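All figures in this text were calculated on a predicted structure; none of them were measured in a lab. In what follows, every chain begins at residue 1, and chains take the letters A, B, ... in the order their sequences are listed.
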Amino acid sequence: MTSEEPRHAGEGERPAPDAEQLALIRGPARSAPRERARPRTWRGAPLAESLPVARVLVDKGLVHLDRFFDYAVPAAMADEARPGVRVRVRFGAGERGGRREGGGLVGGYIVERRPDSDYPGVLAPLAQVLSTEQVLTPALLRLCRAVADRYAGALADVVQLAVPPRMARAERKESPPPAAPPAEPAPGTWSRFPQGPGFLRSLARGGAPRAVWTALPGPQWPTELATAMAAALSSGRGALAVLPDGRSAARVDDALTALLGSGHHVLLTADAGPEARYRRWLALSRGSVRAVVGTRAAMFAPVPHLGLVAVWDDGDAAHSEERAPLPHAREVLMLRSAQENTGFLLGAHSCTVEAAQLVESGWARSLAADRETVRAAAPLIRTVDDTEQARDAAARTARLPSLAWRTARDALERGPVLVQVPRRGYVPRLACERCREPARCGHCHGPLASPAADRAPDCAWCGRPEPHWSCPGCGCTRLRATVVGARRTAEELGRAFPAVPVRTSGRDHVLPSVPDRPALVVSTPGAEPVVEEGPGYAAALLLDGWALLGRPDLRAGEEALRRWLNAAALVRPAGEGGTVLVIAEQGLRPVQALVRWDPPGHARRELADRAVLGLPPVSRMAAVSGSPEAVEGLLRTATLPGDAEVLGPVPVAGAGGPRRPGGPPPGERWDRALIRVPPGSGAALAAALKSAQAARLARRQGPPVRVRIDPPDIG
DNA sequence: AGCACGCCGACT
DNA sequence: GTCGGCGTGCTC
């Protein structure tokens, strides 16, 4: 702490110790009022000779402080105080009384060195340069700025997500020079995709192709993803891949190692620990390593001269950052791809509506295999309609359809059988009694919910009652609550095969893999073990159709299909006896898409529907929530774009429900309003909400409001 | 957000 | 004449 000096009594009353220096930093012919001209922590230390002003991003995530502050650079720090380094500065209410030191020390980053400042007062000096490591590079700063704007958040909040905390020990270690770029990789199994080799060639030649990749079922995708990264590396550029969890990241990391050895890439996941993580981050930042595979925080990894950004399975909820301003990895990587002119690869077994929109709009090209190739790689999909079971709740949980039993029995002779069961905790809402289509509001297409069993339903978005609902699909006027739960079916299954070992994998106990031997593997979605070595599961039983499809969430169908496809992709091809049995009504759109193994087709149809109904991502939405007065106040003061449409506010289920972080405090009522704008007005909406939020906080007009762009739970 | 300033009423 | 309520505005 070179600048932590004791306070001199009466210092404030004296003229500045070095009037010439202060004139220099105050800028040309500016006569600041005398009381403002008193330096605060100033000890008369000389200033840096060139560029004596440092523009600093103060590390406080307050929306109304979302700007830079200028500080004087003492001569002693002239060399160290480079753009991008971490600093400590005094920040807070000034010492206008001349008696106190300024506010406390806070952290920050130098974003720029300048010859002068436009601040009319006297600049406080930098208190300390914490480290000479230039962590917030201009490219990273620009990305953080774009992400903050996109999500109506504060720059400092985004920087906190992007730059890991400092670990001094990790900084002391030197990083080796980078390895020479590897040779251009052979396409390998990318040859199964007509556009695959061309995509790789473009990357290898320094191009920036953008693709939405529908991966084929089977275990090849990690190697294919790694091959695309290697192609970008072979052009002398860097590559980055974001995966939804540590397990899948490790698989791609292994594939890269198999392809290139260990000198070219790092794995950036939470389980490495903070110090190792920072060391690897520094290896990238210093240009010692050019490729990174990781979970969502890796989307900000400081790869210089990036050639490819990739994201796997963008429908997985883990790609949504849960800290403010809640950015999504796919969106961040899209911004990054545009800013740094890189290739873009969005891969998955399924296809989100956002991915379909990227193809539809022409922003990305589709990278999919021919129908015959898909059919040869996919397992046989069979469906069991459960309408018969639905008549009797007891039968539904206790009895297994005989086809499921036979499928499992036959498959267990050849290998392991995967049983996918739902996770607990789905919110029951209303659906058509006959066709089970989730019931939607006739006015805004929000989901209907029943406040009490014997009352008419309300819209959960706009609050309008809907006493005379009728199903647009089948004309039925009767509603039913959605049913959840099929776990006992799996237990029943275990009892039906007493001779076979039953293994379970779930949120608490994730089983990474199982041997290629007969066993029942019961797993919740997302925790399915892969089969070691062999051709994959002999069969899969997908039992969670009801729980998923009954949800009124906009993404219910897409999410059901995504989970089914991820499980079904672990099953061996139909030609080798692989069978998937899904318990769900055959006529449902996601079920048909699974049977035909056509996830892009499903996403395209969903996209067309949403365009008609004005739902995201065809329109952009924002959620504003907080106490009723706060929400009302923000909506009143905000100057929204002219084409914005406000839905609600309506009360949010608070007390009694599961307590979510950042949600309403127990016992208090919270409201939520949704604002939707047509395509093209998203940026204006974010900007309007951000400035209204800033004004509100600055003037302290009542309790805080939460603003969320692209709310995930609008249905 | 903190934090300090300042303008007003109540008390010594 | 002095203390302290909180309404208002700034932080380089």
Which residue is it: A/Pro651, A/Ser627, A/Ser625? I am looking for the one with a side-chain contact (heavy atoms from CB on, under 4.5 Å) to A/Asp671. A/Pro651
From CZ of A/Phe69 across to P of C/dC12 the rounded distance in Å is 7 Å
Holding to salt bridge (charged side-chain N to carboxylate O under 4.0 Å, His left out), I want the full list of residues that pass it with A/Glu321, two or more places apart in sequence or in another chain. A/Arg296, A/Arg323
Base, sugar-phosphate alone, or nothing: which one does A/Arg67 contact when heavy atoms must sit under 4.0 Å apart? base
Whole-Å distance between C/dC12 P and A/Glu112 CD? 19 Å
Nearest-angstrom distance from the residue atom OH of A/Tyr119 to P of C/dC10: 10 Å
Distance in angstrom units between A/Gln693 CD and B/dA1 P, rounded: 9 Å
Grab the CG-P distance between A/Asp157 and B/dA1 for me, whole Å please. 13 Å
Once you round it to whole Å, what is the distance between P of C/dT11 and CZ of A/Phe91? 9 Å
Nearest 0.5 Å, what's the CG-CD distance between A/Leu57 and A/Glu112? 12.5 Å
Distance check needed: C/dC10 P versus A/Arg90 CZ, whole Å only. 22 Å
Round to the nearest Å and state the distance from A/Leu105 atom CG to C/dT11 atom P. 18 Å
Plane angle bin for A/Phe69 and A/Phe91 - parallel if under 30°, tilted between 30 and 60°, otherwise perpendicular: perpendicular
